Number of protein chains: 2
Amino acid sequence: MDGSGEKKPAKRRSQERVLQRDPERTRAAILEAATREFAENGMGGARVDAIAERAGTNKRMLYHYFGDKEQLYLHVLEEAYVGIRTAERELHIGDRSPEEGIAELALFTWRYFLKHPEFLSLLGTENLHRARWLRQSVRLKELHSHLIVELTEVLDRGKKTGVFIDAADPLNVYLTIASLGYFYISNQYTLSTIFGRDLAEKGNLDAWERHIVHVTLASIKA
Amino acid sequence: MDGSGEKKPAKRRSQERVLQRDPERTRAAILEAATREFAENGMGGARVDAIAERAGTNKRMLYHYFGDKEQLYLHVLEEAYVGIRTAERELHIGDRSPEEGIAELALFTWRYFLKHPEFLSLLGTENLHRARWLRQSVRLKELHSHLIVELTEVLDRGKKTGVFIDAADPLNVYLTIASLGYFYISNQYTLSTIFGRDLAEKGNLDAWERHIVHVTLASIKA
DNA sequence: CCATCAAGTAACTGTTTGGTTACTGGCCGG
DNA sequence: CCGGCCAGTAACCAAACAGTTACTTGATGG
């Protein structure tokens, strides 16, 4: 997100000169810095000064673009949800056989969680506060119905052809997949400590990936 | 913990009179208040003044008994781990058939999590900080080997009688049980919000309890 | 019965924090 | 070519914070 970014031509006029004033770039930098700061320290631990410094700007701009710390946090959270749901939508789990579709969703979810620990961390923070900010969000409520609808279709198709049990419930299936991925990754530090095994090791990660697919399918297979 | 607690007779001398100075009671009150404060607000959000007030004492005592905020937090965390592992040990999952033993462990874990959300919250906080404080703890490392040993025995017995698959791994089984319980409870607020279904409702909780047992057994049954 | 020491209180301190104010400088329309 | 506007800066502020100091109270053993 940083580093390789070419200087944007700044809407108003195309110019090659290094622009200090680039509102969109500044805004994006703040959002990205805030994502990291909130993910690493939680709402209570995140520091506004630290976000400004990480973004290479200062607090004035942060308050200018986002109002206050809480609104900035909500923006970060919304962006994170949009990120996973957007990627998920491009899967088209209905294009294959029901079993392959479910396996694909499980793999995608696991790998997305693994690649975006900051998303899991934000979820953790938000739940600590009982979804205080998420509940205020208007944008996000409908973002999720798509997932359940698509999953319902895949499961129904599998039930008709007799590969899935009738009791298979779409929400339960998704929660099962998400549970197994979320817990392993977000709790890896305490788990590795108390069980004396490094869960982040490649071999263990691969084994758990296979385990998730196995468990998910085993729980709904006829 | 409060309210119904009879006045302790204060070691040194039995007396019915209401004692203001009762070191053990004060210590316990601080620990209990700190547990709630840390669970509700995380390490970064917890306030030392709030803990003192909740405990009905003041900061001086808190620093007197526990050193500083971080050490107090570590005490709280250790206490929480000792709590679940102690209760778990009394299960004796080896006393029944292997299948019943695993089901029993799954039920126990789910119900313990449900009854002690503050434990889940503390785990979340500790993992946010990558087990920074837990790693310092000497007491806790061996507390967990017992669980794995007992679980290994139960699984081996099931493998011999042919009810479990050979690939069944004790750590994986425990992680599966814990994942399904942890995620559902600790993420109930965001999940209920985005899916528009109240996961804390009795019917849903009971269904998930059955689901956990079903999934766990389905994943290891021959 | 009083000297001693631990339990307990409250007011204080230096620092950090979220948020603000007063200011600078570049750009664009008229 | 200039007046107003908007991106950006830095110094500032009051409140909140973790941790401390100076003090009071009460039980107990010699």
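Chain naming here is simple, since letters A, B, ... match the order of the sequence lines and numbering starts at 1 in each. Everything numeric in this text was worked out from a predicted model, so none of it was measured.
For T26(A), the side-chain atoms get nearest to dG8(D) when compared with the rest of dT9(D), dG8(D), dG19(D).
Within residues 60-73 of chain B, the residues approached by DNA chain C to less than 4.0 Å at the level of any non-hydrogen atom are R60(B), M61(B), H64(B), Y65(B), in residue-number order. Contacts with DNA chain C (heavy atom under 4.0 Å) in residues 41-56 of chain A: A46(A), R47(A), V48(A), D49(A), listed by number.
Screening residues 106-129 of chain A for salt bridge (Lys or Arg N to Asp or Glu O under 4.0 Å) gives R111(A)-E209(A) as the qualifying pairs, with residues at least two apart or on separate chains.
With sequence neighbours excluded, no residue forms a salt bridge (Lys or Arg N to Asp or Glu O under 4.0 Å) with E53(A). In this structure, E153(B) has no salt bridge (Lys or Arg N to Asp or Glu O under 4.0 Å) partners at least two apart in sequence or on a different chain. Every salt bridge (Lys or Arg N to Asp or Glu O under 4.0 Å) that R85(A) has, sequence neighbours left out, goes to E88(A). F113(B) pairs by the ring pair (Phe, Tyr, Trp, His ring centres under 6.0 Å) definition with nothing, not counting sequence neighbours. Under the rule for a ring pair (Phe, Tyr, Trp, His ring centres under 6.0 Å), Y65(B) has no partner lying at least two apart in sequence or in another chain.
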Atom pairs and distances, donor-acceptor, side-chain atoms in residues 180-189 of chain B, under 3.5 Å, two or more places apart:
residue	atom	partner	partner atom	Å
Y184(B)	OH	L199(B)	O	2.8
S186(B)	OG	Y182(B)	O	3.2
Q188(B)	NE2	I185(B)	O	3.0

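Using modelled atom types, one finds no donor on one side chain facing an acceptor on the other under 3.5 Å when comparing S219(A) with H211(B).
Between the CG atom of N58(B) and the P atom of dC23(D) there is a distance of 17 Å, rounded to whole Å.
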